[in-house]
**Student:** 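Next up is a structure, given as structure tokens.
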Amino acid sequence: MGHLLLEPDHHGADTGTPAPIRRLDPRARLLAALAFAITTVALQTLPALALALAFALALLALSGLPARITLRRMAMMDGFILFMLLLLPVTTPGTPLATLPFGVVATVEGLRLAVEIGLTANAVILALMVLVGTMDPVTLGHALARLKTPLLLVHLLLFTVRYVDVLRAEYLRARQAMRARAFRPGSNRHTWRSLGHLVGMLLVRALERSERILQAMKCRGFTGQFPLMDRLAFTPRDRVFAVACAAGLGALGIVEVTVAHLA
Amino acid sequence: MHIVDGALSNPVVIAGAVAAAGGIALGLRSLTMEKIPVAGVLSATFFVASLIHVPIGPSSVHLILNGLAGLILGWAAFPALFVGLVLQAVFFGFGGVTVLGINTFNIAMPAVLAGLICGPLLRRGGARAALWGGIGGALAIALTTLFVAVSLALSGTQFGVAAQLVFVAHLPVMLVEGLLTAAAVSLALKVRPDLFTALEPTP
């Protein structure tokens, strides 16, 4: 359970040779995920969106990520938006499709919009998890830095990644201590106050920890600059990947234009 | 409260991205490399706190605590919460890519506003400090819900019902976040009152 953010990488590490996607330059993967997201959001026809989701699923097969866990995560997101998607058919004006109880009318346009959003959201988030989520979070930070993200932001990300697991362990330890004292969460003021005190304590300890970190850093000669230790290389393999991505996104565009033209 | 890709209209998405970039730039200007450890560890704490589930009646909600983040981090809440949203999208699949900007703005702007409004009153200390903390916590959730509702409503009238439901569904969350923030503030003020000035420039 320990590793909250490092989990995906640990699954892949056991399989011997890394999956094809993991051997690509992190920068190429990051840019591909961004280009895919922007293209997919711009698509409006259902066949093109279905093709985009198919591309994301194909990438999942190449990523070495455990398919079931990843798809379950994607489905969790669907759980959040399900409510909105279910509302859309009845709140969008247009051609009636069916009359539901209480005289509510579902429309063709609303259903179409719900399907469109569902396909877009799933395709984009799946491609992101597959292309970028398979990176070690530290590599993600370094790739962002190499792509000219402000260094302060990159280091904020790296520090957050570094300490999320430490603080989560501290949180779980505190919860265990509360459980040992017969704390059981419920909908009452005692629960909310206790959890509030817990958050307050976590913050106080975080502050103290950060002071020790800064002192340790200064002791080792911190001069206000963090070195970025990594070796990113854009290889011929990445060039092939970039061309394949461009072709794939181009195909999405062609399908979109063709379908829109026929309609 | 995460909005997903494809749900919003292009003008809303672009305006959100621009506003978030501005907020992040302002937040980074308030930081130096020396402040990165404290900002990073606190940002990790808020990330962990957002995984805490609190029961409300038959259901449960996860904490957001953006009000508390704004009270402690000020404008630095923008980059800190942005980092949290990036990590959640990349590794957990919550939210989306093109909507990162608008999602950051909807969560971080209320945090900063709560910090600006309630922060000075809280730092005065005294018996009312926890109360101001609680008001800040509830205010940030109220504003976030309002911003999400407005983002949806601006993207098309068919989202109107969903926007109203989001608002009503979050009324109890507001109450819980307010009480929780008040408790957290009262404890932190007793133990380490300088937590609320930790990110101010050192003399």
Side-chain angles (χ1 to χ4, degrees), chain A residues 5 8 33-34 37-38 41 73-74 76-77 80-81 84 87-88 91-92 110 113 116-117 120-121 124-125 128-129 132-133 140 150 152-153 155-157 159-161 163-164 167-168 171 185-187 189 191-193 195-197 199-204 206-207 209-210 213-214 217 224-225, chain B residues 2 4-7 24 28 31-34 36-45 47-49 51-52 54-57 63 65 68 72 79-80 83-84 86-87 89-94 96-98 158-162 165 176 179-188 191-192 195 198:
Chain A
L5 298 175
L34 201 61
I38 292 171
V41 168
R73 281 191 170 165
M74 188 176 92
M76 262 170 71
M77 178 199 73
F80 283 122
I81 58 170
M84 189 187 80
L87 271 177
L88 277 176
T91 54
T92 313
L113 186 63
E116 188 185 318
I117 294 176
T120 311
V124 172
I125 208 72
L128 180 74
M129 282 196 285
V132 186
L140 170 63
L152 273 168
L153 191 58
H155 290 304
L156 189 64
L157 175 93
F159 258 92
T160 306
V161 164
Y163 286 100
V164 157
L167 291 163
R168 184 154 164 277
Y171 161 68
S187 307
R189 281 199 64 168
T191 299
W192 299 327
R193 201 176 52 222
L195 290 178
H197 284 162
V199 170
M201 205 58 225
L202 285 177
L203 287 166
V204 166
L207 179 68
R209 186 183 294 278
S210 79
I213 294 165
L214 185 64
M217 280 164 44
Q225 277 295 320
Chain B
H2 299 278
V4 295
D5 284 302
I24 291 170
L28 290 179
L31 289 175
T32 58
M33 279 294 180
E34 189 127 321
I36 286 293
V38 60
V41 179
L42 287 175
S43 146
T45 315
F47 187 89
V48 170
L51 302 172
I52 302 178
V54 180
I56 298 186
L63 294 177
L65 291 181
L68 191 53
I72 294 175
V83 162
V86 168
L87 293 176
V90 170
F91 295 104
F92 299 161
F94 294 164
V97 178
T98 57
Q158 65 269 40
F159 292 107
V161 178
L165 281 174
V176 167
L179 286 171
L180 242 136
T181 307
V185 164
S186 79
L187 182 132
V191 187
R192 283 295 297 267
L195 178 66

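Each chain gets a letter, A, B and so on, in the order the sequences are listed, and its residues count up from 1.
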**Student:** Taking all heavy atoms of B:Pro79 and all of A:Leu153, pick out the closest pair and write down the distance.
**Tutor:**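 Between these two residues, the closest heavy atoms are CB-CD1, 3.7 Å.
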**Student:** Looking only at heavy atoms and a cut-off of under 4.5 Å, which of B:Gly84, B:Ala7, B:Ala49 has the most pairs with chain A?
**Tutor:**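 Maximum pair count with chain A is reached by B:Ala7.
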**Student:** Mind ranking A:Ala206, A:Gly110, A:Ala33, A:Pro150 by heavy-atom pairs under 4.5 Å with chain B and telling me who comes out on top?
**Tutor:**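 When all of A:Ala206, A:Gly110, A:Ala33, A:Pro150 are compared, A:Ala206 has the most.
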**Student:** Identify the two heavy atoms, one from B:Val90 and one from A:Met129, that lie closest to each other, and give their separation to 0.1 Å.
**Tutor:**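 Nearest pair, atom of B:Val90 first, then A:Met129: O-CG, 3.6 Å.
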**Student:** Let's test your reading of the structure: which of A:Ile38, A:Ile213, A:Val124, A:Val132 forms the most heavy-atom pairs below 4.5 Å with chain B?
**Tutor:**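 Of the candidates given, the most pairs with chain B belong to A:Val124.
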**Student:** Side chain, backbone, both or neither: which part of B:Phe92 has a heavy atom under 4.5 Å from chain A?
**Tutor:**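 For B:Phe92, the contact with chain A is made by backbone and side chain together.
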**Student:** With a 4.5 angstrom heavy-atom cut-off, which part of B:Thr181 approaches chain A: side chain, backbone, both or neither?
**Tutor:**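 For B:Thr181, there is no contact with chain A at all, as no heavy atom is under 4.5 Å.
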**Student:** Grab the two heavy atoms, one from B:Ala183 and one from A:His197, that are nearest each other, plus how far apart they are.
**Tutor:**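 The answer is O-CD2, 3.3 Å.
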**Student:** So what's closer than 4.5 Å to chain B heavy atoms on A:Met201: side chain, backbone, both or neither?
**Tutor:**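 When you check distances to chain B, atoms from both the backbone and side chain of A:Met201 fall under 4.5 Å.
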**Student:** Below 4.5 Å, heavy-atom pairs only: which of A:Leu167, A:Leu195, A:Thr120, A:Leu34 has the largest tally toward chain B?
**Tutor:**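 Sorted descending by pairs with chain B, the first entry is A:Leu167.
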**Student:** Looking at B:Phe91 and A:Arg73, what are the two nearest heavy atoms and their distance?
**Tutor:**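 Heavy-atom minimum between the residues: O-NH1, 2.8 Å.
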**Student:** Suppose we screen for side-chain hydrogen bond (donor to acceptor under 3.5 Å, both in side chains). Which residues come up paired with A:Thr191, at least two apart in sequence or across chains?
**Tutor:**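 For A:Thr191 the side-chain hydrogen bond (donor to acceptor under 3.5 Å, both in side chains) partners, ignoring immediate neighbours, are A:Asn188.
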**Student:** Can you tell me which of B:Leu31, B:Ile36, B:Leu87 forms the most heavy-atom pairs within a distance under 4.5 Å of chain A?
**Tutor:**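 Among the listed options, the one with the most contacts to chain A is B:Ile36.
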**Student:** Got a second to check how far B:Met33's CE is from A:Met217's CE, nearest 0.5 Å?
**Tutor:**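 Between atom CE of B:Met33 and atom CE of A:Met217 there are 9.5 Å.
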**Student:** Name the member of B:Ala188, B:Ala198, B:Ser43 that forms the most heavy-atom pairs with chain A at distances under 4.5 Å.
**Tutor:**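 Heavy-atom pair counts peak at B:Ser43.
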**Student:** Answer with side chain, backbone, both or neither: which region of A:Met74 has an atom nearer than 4.5 Å to a non-hydrogen atom of chain B?
**Tutor:**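 A:Met74 has no heavy atom closer than 4.5 Å to chain B.
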**Student:** Side chain, backbone, both or neither: which part of B:Ile72 has an atom under 4.5 Å from a heavy atom of chain A?
**Tutor:**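 Side chain only.
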**Student:** Would you name the heavy atoms of B:Leu179 and A:Arg189 that are closest together and state the gap between them?
**Tutor:**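 The answer is CD2-NH2, 4.0 Å.
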**Student:** Can you list the residues that meet the salt bridge (charged side-chain N to carboxylate O under 4.0 Å, His left out) rule with A:Arg193, with sequence neighbours excluded?
**Tutor:**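 Scan of A:Arg193 (salt bridge (charged side-chain N to carboxylate O under 4.0 Å, His left out), adjacent residues dropped) gives none.
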**Student:** Could you tell me the separation between the NE2 atom of A:His155 and the CG atom of B:Leu28, rounded to the nearest 0.5 Å?
**Tutor:**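 Separation between the atoms: 11.5 Å.
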**Student:** Can you tell which of A:Leu87, A:Leu202, A:Ile81, A:Leu128 has the highest number of heavy-atom pairs within less than 4.5 Å of chain B?
**Tutor:**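 So the answer, after comparing A:Leu87, A:Leu202, A:Ile81, A:Leu128, is A:Leu128.
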**Student:** Picking from A:Val204, A:Leu140, A:Leu113, which has the most non-hydrogen pairs under 4.5 angstrom with chain B?
**Tutor:**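 Ranked by heavy-atom pairs under 4.5 Å with chain B, first place is A:Val204.
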**Student:** Among A:Leu203, A:Leu214, A:Val199, who wins on heavy-atom pairs under 4.5 Å with chain B?
**Tutor:**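 Most pairs with chain B among the choices: A:Leu203.
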**Student:** Select one option (side chain, backbone, both, neither) describing which atoms of A:Leu88 are under 4.5 Å from chain B's heavy atoms.
**Tutor:**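 Just its side chain gets close to chain B.
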**Student:** B:Leu180, B:Val191, B:Val97, B:Val176: which one forms the most heavy-atom pairs within less than 4.5 Å of chain A?
**Tutor:**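 Sorted descending by pairs with chain A, the first entry is B:Leu180.
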**Student:** Any idea which of B:Ile56, B:Val48, B:Ile24 has the most non-hydrogen atom pairs under 4.5 angstrom with chain A?
**Tutor:**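 Looking at each of B:Ile56, B:Val48, B:Ile24 in turn, B:Val48 comes out on top.
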**Student:** Of all of B:Ala89, B:Ala182, B:Ala80, B:Gly96, which one pairs up most often with chain A through heavy atoms under 4.5 Å apart?
**Tutor:**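 Looking at each of B:Ala89, B:Ala182, B:Ala80, B:Gly96 in turn, B:Ala89 comes out on top.
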**Student:** Looking at every non-hydrogen atom in both residues, tell me the closest pair between A:Ser187 and B:Pro55 and how far apart they are.
**Tutor:**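 Answer, listing the atom of A:Ser187 first, then B:Pro55: OG-O, 3.7 Å.
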**Student:** Working to the nearest 0.5 angstrom, can you tell me the gap between B:Thr98 OG1 and B:Asp5 CG?
**Tutor:**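 Going from OG1 on B:Thr98 over to CG on B:Asp5, the span is 3.5 Å.
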